Amino acid sequence: MEHGNDTRPHPTGAYPSGTGTVVHDRGWTEDARTSARCAGALFALLLCVDWTAGSLTWWRGGLWLLLALLLLLVLFPVRVSAGPGWLATRRLYRTRRVRTDLLTAVRPLDGVTRRLVLRDALGNRVEIDPEVLIRNPELWYRLDEGARGSEAAGTLLCGAPALHRLARRVDRETALGVFRASGLE
């Protein structure tokens, strides 16, 4: 939501629009189904154990349902999409978007799961799993296209080596996938 006193710079507009196609994470629906199956399995298992023990009541069933829904919220995957000049992540209630043609920083985060943090000149921030980019070369192409433009324009101040390492990994995985598909493995 934009306010009248918003002082953030808008170098080339809020978000580019064009005739380019939008690409999405191809594995998102399967990941969402898997998280729903896990939550459903937990709910069914808890109900069966409670019913077998003879202690199932309506409030305990509600508690098990709440626990299963909490697991679903934790496991639910982030939906990643990209278009010409932008990359977006969408969670259950929030969408974050970053301009890839105005990137200022790219930082890899190591932890329980690896993350790639992207920041643009407009102050937007997006966290994505690098594995999503490796599994979806189209998404990587959109990010790389914008990042190269940022690097050429001089706005990408931090993180170019991390992007180059990720580019080599995406190229390696894509080539291996082509070799597997053609039987040359």
Side-chain angles (χ1 to χ4, degrees), residues 1-33 35 73 75-178 181:
M1 184 170 186
E2 211 168 317
H3 299 286
N5 60 357
D6 191 7
T7 59
R8 290 185 295 172
H10 295 281
T12 59
Y15 294 102
S17 60
T19 59
T21 59
V22 176
V23 293
H24 299 277
D25 179 6
R26 293 179 302 203
W28 181 83
T29 52
E30 186 58 36
D31 291 344
R33 282 187 196 122
S35 63
L73 288 175
L75 294 179
F76 203 77
V78 176
R79 178 133 198 193
V80 180
S81 58
W86 60 270
L87 185 124
T89 60
R90 182 173 167 216
R91 295 193 184 270
L92 289 174
Y93 295 111
R94 186 172 189 151
T95 300
R96 292 182 183 245
R97 191 178 257 199
V98 70
R99 291 277 307 262
T100 57
D101 56 349
L102 296 174
L103 286 177
T104 58
V106 176
R107 294 178 194 228
L109 293 178
D110 292 328
V112 175
T113 59
R114 299 192 79 189
R115 294 278 175 220
L116 194 64
V117 179
L118 308 171
R119 290 186 183 270
D120 67 9
L122 303 174
N124 300 315
R125 178 180 182 268
V126 167
E127 277 188 40
I128 59 172
D129 184 3
E131 292 299 319
V132 171
L133 299 172
I134 292 168
R135 288 190 320 246
N136 297 282
E138 302 90 6
L139 284 173
W140 166 250
Y141 173 74
R142 293 289 185 190
L143 173 60
D144 188 47
E145 184 178 46
R148 286 179 193 266
S150 294
E151 197 172 7
T155 60
L156 185 59
L157 305 174
C158 168
L163 277 177
H164 296 305
R165 282 192 304 272
L166 186 58
R168 286 191 298 272
R169 186 170 173 206
V170 168
D171 290 343
R172 182 175 52 246
E173 293 295 326
T174 304
L176 285 173
V178 169

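All heavy atoms count here, side chains included; hydrogens, waters and symmetry mates do not. Bear in mind the structure is a predicted one, so any value in this text is a computation, not a measurement. Numbers for residues simply follow the sequence, beginning at 1.
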* Quick one: OG1 on T89 to CZ on R125, what's the gap to the nearest 0.5 Å? -> 10.0 Å

* Are any of the side-chain nitrogens in D120 or R97 under 4.0 Å away from the carboxylate oxygens of its partner? -> no

* Structure fact -> Value for CZ (R33) from CD (E30), rounded to nearest 0.5 Å, stands at 5.5 Å

* For R135 and D25, indicate whether the former's side chain and the latter's backbone hold a donor-acceptor pair under 3.5 Å. => no

* **Closest non-hydrogen atom pair, E173 against I134** => CG-CG2, 3.6 Å

* Atom CG in D171, atom CZ in R169: separation rounded to 0.5 Å? -> 12.5 Å

* Asked: Does R79 count as lying over the ring of W28, i.e. NZ or CZ under 6.0 Å from the six-ring centre, within 45 degrees of the axis?
  -> yes

* Can you name the closest pair of heavy atoms from D129 and R114 and give their distance? -> OD1-O, 3.5 Å

* Atom pair CG (L102) and CG (L118), whose distance is rounded to the nearest 0.5 Å -> 12.5 Å

* With distance as the sole test, does T155 use its side chain to make a donor-acceptor pair with the main-chain N or O of L103 at under 3.5 Å? -> yes

* Asked: Any side-chain heavy-atom pair from T113 and R115 closer than 4.5 angstrom?
  -> yes

* Heavy-atom closest contact (N124 atom, V98 atom, distance) -> O-CG2, 4.0 Å

* Asked: Can E127 and R107 be counted as an ion pair, charged N to O under 4.0 angstrom?
  -> no

* **4.5 Å side-chain heavy-atom contact, H24 and E138** => no

* Below 4.5 Å, heavy atoms only, C-beta onward: do L166 and W140 meet side chain to side chain? -> yes

* Structure fact -> Interatomic distance, CG@N136 vs CD@E131, rounded to 0.5 Å, equals 11.0 Å

* Asked: Do V126 and L87 have side-chain heavy atoms sitting under 4.5 Å apart?
  -> yes

* **Approximate separation, where rounding is to 0.5 Å, of L163 CG and L116 CG** => 6.5 Å

* To do: Grab the two heavy atoms, one from P77 and one from A32, that are nearest each other, plus how far apart they are.
  => CG-N, 3.6 Å

* Identify the heavy atoms of A147 and L156 that sit nearest to each other, and give their distance. => O-CD2, 4.2 Å

* Is the shortest distance from a Lys or Arg side-chain nitrogen in E151 or R148 to a carboxylate oxygen in the other one below 4.0 Å? -> no

* Between S150 and D101, is there a donor-acceptor pair closer than 3.5 Å when you use the side chain of the first and the backbone of the second? -> yes

* Asked: For L122 and R99, which heavy atoms make the closest approach, and how far apart are they?
  -> CD1-CG, 3.9 Å

* Pairwise side-chain contact, L143 with W86, heavy-atom cut-off 4.5 Å (strictly under) -> no

